[in-house]
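Reviewing the structure listed below.
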Amino acid sequence: MSSYVRNNSLKGAMKVGAPSPRLLDCLSGLTPEGKETVQAFLSYQGSPDWDGLKVVPPGSFLEEIIELFRRETDIPLELPLVAALSIVSGYLNALGAKYEISGSLYSPMRKRKDHRSAKVCQA
């Protein structure tokens, strides 16, 4: 069980300081609008909330993965989430797992009834 508090806020989020005037001096060829855009990017503090946490079950291995990436990297948290889900879905698919919709079982690798679209070309 994770000791992580689920408040959808980034742990250790830091405020970005004022943009360096030296950087803007290096970009002297920019229009005033361009300089304003660069200043806006440099002063962006980010959002303390990550909505992706809504799809992560509390106490799950996904929560542990997300917390590890949140704590140790600046990688967008969507990437480890999707990577973990892809690995698990590939594993389940390899095992022949099926899913249920309205009482019927389906396989992700269900064969098509129309085999004409699945022709294999040989040289």
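The structure displayed is predicted, hence computed values, not measured ones.
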Check: Is the count of non-hydrogen atoms from other residues, nucleotides or ligands lying under 6.0 Å from Glu100 atom CD greater than 12?
Finding: yes
Checklist line | CD/Glu78: more than 12 non-hydrogen atoms of other groups inside 6.0 Å | finding: yes
Check: Just wondering, do Ser89 and Leu85 contact through their side chains at under 4.5 Å, heavy atoms?
Finding: no
Notebook entry, point to check: Is Ile65 close to Leu81 at the side-chain level, that is, under 4.5 Å between some pair of heavy atoms?
Noted result: no
Item checked: Rounded distance (nearest 0.5 Å) linking atom CG of Leu68 with atom OG1 of Thr73 -> 7.5 Å
Checklist line | From OG (Ser86) to CG (Asn93), nearest 0.5 Å | finding: 12.0 Å
Notebook entry, point to check: Counting N and O atoms only, with roles assigned by atom type, does the side chain of Glu67 sit under 3.5 Å from a partner on the main chain of Glu63, one being a donor and the other an acceptor?
Noted result: no
Check: Hey, mind stepping through Ile101 and Tyr106 against side chain to side chain contact (heavy atoms under 4.5 Å, CB included) and telling me if it holds?
Finding: CA-CA 8 Å; Ile101 298 177; Tyr106 296 93; 3.9 Å; yes
Notebook entry, point to check: Applying the 4.5 Å side-chain criterion to the ILVMFWY set and letting contacts propagate, would Ile87 and Tyr91 be lumped into a single cluster?
Noted result: no
Next item on the list: Please check if Val82 and Val56 belong to a single hydrophobic cluster, counting links between Ile, Leu, Val, Met, Phe, Trp and Tyr side chain heavy atoms closer than 4.5 Å.
Entry: no
Note to self: Quick one, Phe61 with Val88, criterion side chain to side chain contact (heavy atoms under 4.5 Å, CB included). Give me CA distance, side-chain angles, the key distance, then yes/no.
What the structure shows: CA-CA 11 Å; Phe61 81 98; Val88 169; 3.6 Å; yes
Notebook entry, point to check: If you look at every heavy atom in Leu77 and Arg70, which pair is closest and at what distance?
Noted result: CD2-N, 3.7 Å
Next item on the list: Identify the two heavy atoms, one from Ser107 and one from Tyr99, that lie closest to each other, and give their separation to 0.1 Å.
Entry: C-CE2, 4.2 Å
